[in-house]
Protein chains: 2
Amino acid sequence: MSKELEEGTEIRLDFAKLKKVAGCEEDVLPVAVQDVDSGDVLLIGYANRLALQTTLEKRIATFWSTTRNELWIKGATSGDYLEIVDIRVNCEQNSLLYRVKLKGQGACHTKGEDGFARHGCYYRTLDGPSLTFV
Amino acid sequence: MSKELEEGTEIRLDFAKLKKVAGCEEDVLPVAVQDVDSGDVLLIGYANRLALQTTLEKRIATFWSTTRNELWIKGATSGDYLEIVDIRVNCEQNSLLYRVKLKGQGACHTKGEDGFARHGCYYRTLDGPSLTFV
């Protein structure tokens, strides 16, 4: 993933994302993930039936990696597991909300200025004065 | 939308949702919407470039309706507008977070037992004892 995309001041939104997600090998739903302690929305991931089943069984937030086409137990490599408090479903049963507690230092794969994993992925405000749309 | 899907105790998740979303006429990103007052995640919607631009200009949460293929200014018919506090972008620039204040009674199109629009769409816990997977 490009450093400029993650740390730069240019907004280059990947509007083609969902077409790529839908092109993966599995049928998936979007999942918003919320830290129950801070209330922060940490990330949006994708879950297929196996990922949801694994999340329900292990009580650890699990997704389907739509780029690697494999089960993605969040934290399996970093240790930054997200423990499930509860799993909610929306009115139309076409999206999920994992409400979690952080077991590690952060939920984002990027690092902040302190060198540690950022708490969540939404660390930039789009309508801030320092960003430019490209 | 079926009453059973919205009010029933059977879980019939629509895992094909994102394939349908991706098949709409526009390129869209998922958008989590959070009420800054309660901290609740209210819904996940989808935005194309026009929806984001409209949201930035009007400061009202706006989406692309992937079923009707038209701009969807949330609250335009119900009056339940969501006023934008800020718009955040994730690390990889492939999802958005609208942080909002509710201008009406609720954000969900369903009604609770009191007859009013539900606050948000995630009013059911998947791992509750009263639900069965179908």
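It should be emphasised that the depicted structure is a prediction, and the values quoted were computed from it without experimental measurement. Residue numbering restarts at 1 for every chain, and letters A, B, ... go by the order of the sequence lines. The figures that follow rest on heavy atoms only: side chains count, while hydrogens, waters and symmetry mates do not.
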Exercise. What is the distance from atom CD of A:Glu92 to atom NE2 of B:His109, rounded to the nearest 0.5 Å?
Worked result: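 Those atoms lie 5.0 Å apart.
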Problem set entry | Spacing of B:Asn90 atom CG and A:Leu42 atom CG [to the nearest 0.5 Å] |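 One gets 12.0 Å once the value is rounded to the nearest 0.5 Å.
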For this session: Between chain B and each of A:Ala16, A:Ala22, A:Cys24, count heavy-atom pairs under 4.5 Å; write down the option with the most.
Result: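 Of A:Ala16, A:Ala22, A:Cys24, A:Ala22 has the most heavy-atom pairs under 4.5 Å with chain B.
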For this session: Please determine, among A:Ser38, A:Cys108, A:Cys121, the option with the most heavy-atom pairs under 4.5 Å with chain B.
Result: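 Looking at each option in turn, the highest pair count goes to A:Cys121.
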For this session: Measure from the side-chain N and O atoms of A:Gln93 to the backbone N and O of B:Leu5, and report whether any donor-acceptor pair falls under 3.5 Å.
Result: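 Present.
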Exercise. So, does B:Gln34 use its side chain to make a donor-acceptor pair with the main chain of A:Gly39 at under 3.5 Å?
Worked result: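 Here the side-chain-to-backbone pair exists.
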As an exercise: rank [options] by heavy-atom pairs under 4.5 Å with chain A and give me the winner.
options                            : result
B:Glu7, B:Lys19, B:Arg118          : B:Lys19
B:Leu56, B:Val28, B:Leu52          : B:Val28
B:Lys20, B:Glu26, B:Arg12, B:Arg99 : B:Arg12
B:Leu43, B:Thr110, B:Asp86         : B:Asp86

Exercise. Going through the checks in order, is the side chain to side chain contact (heavy atoms under 4.5 Å, CB included) test met by A:Cys91 and B:Tyr122?
Worked result: CA-CA 7 Å; A:Cys91 46; B:Tyr122 296 98; over 6 Å; no
Any chain of hydrophobic side-chain contacts (each under 4.5 Å) joining [X] to [Y]?
X        : Y        : result
A:Trp64  : A:Trp72  : no
A:Val100 : A:Tyr123 : no
A:Leu97  : B:Leu97  : yes
B:Val36  : B:Val31  : no
B:Val33  : A:Tyr46  : no

If I compare all heavy atoms of [X] with all of [Y], which pair ends up nearest, and what's the gap?
X       : Y       : result
A:Ser95 : B:Ile44 : CB-CD1, 4.0 Å
B:Val41 : A:Ala32 : CG1-CB, 4.4 Å
B:Ala47 : A:Phe15 : O-CE2, 3.5 Å

For this session: Report the C-alpha distance between B:Leu18 and A:Asp27 in whole Å, list the side-chain angles of each, state the deciding distance to 0.1 Å, and finish with yes or no for side chain to side chain contact (heavy atoms under 4.5 Å, CB included).
Result: CA-CA 7 Å; B:Leu18 281 195; A:Asp27 281 350; over 6 Å; no
For this session: List the steps and the verdict of side chain to side chain contact (heavy atoms under 4.5 Å, CB included) for A:Leu126 and B:Leu96.
Result: CA-CA 9 Å; A:Leu126 249 197; B:Leu96 296 171; 3.9 Å; yes
For this session: For residues A:Thr125 and B:Ile87, determine if any side-chain heavy atom of one lies less than 4.5 Å from a side-chain heavy atom of the other.
Result: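 A:Thr125 vs B:Ile87: side chains apart.
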For this session: Walk me through it: do A:Leu13 and B:Asn94 pass the test side chain to side chain contact (heavy atoms under 4.5 Å, CB included)?
Result: CA-CA 6 Å; A:Leu13 290 166; B:Asn94 54 25; over 6 Å; no
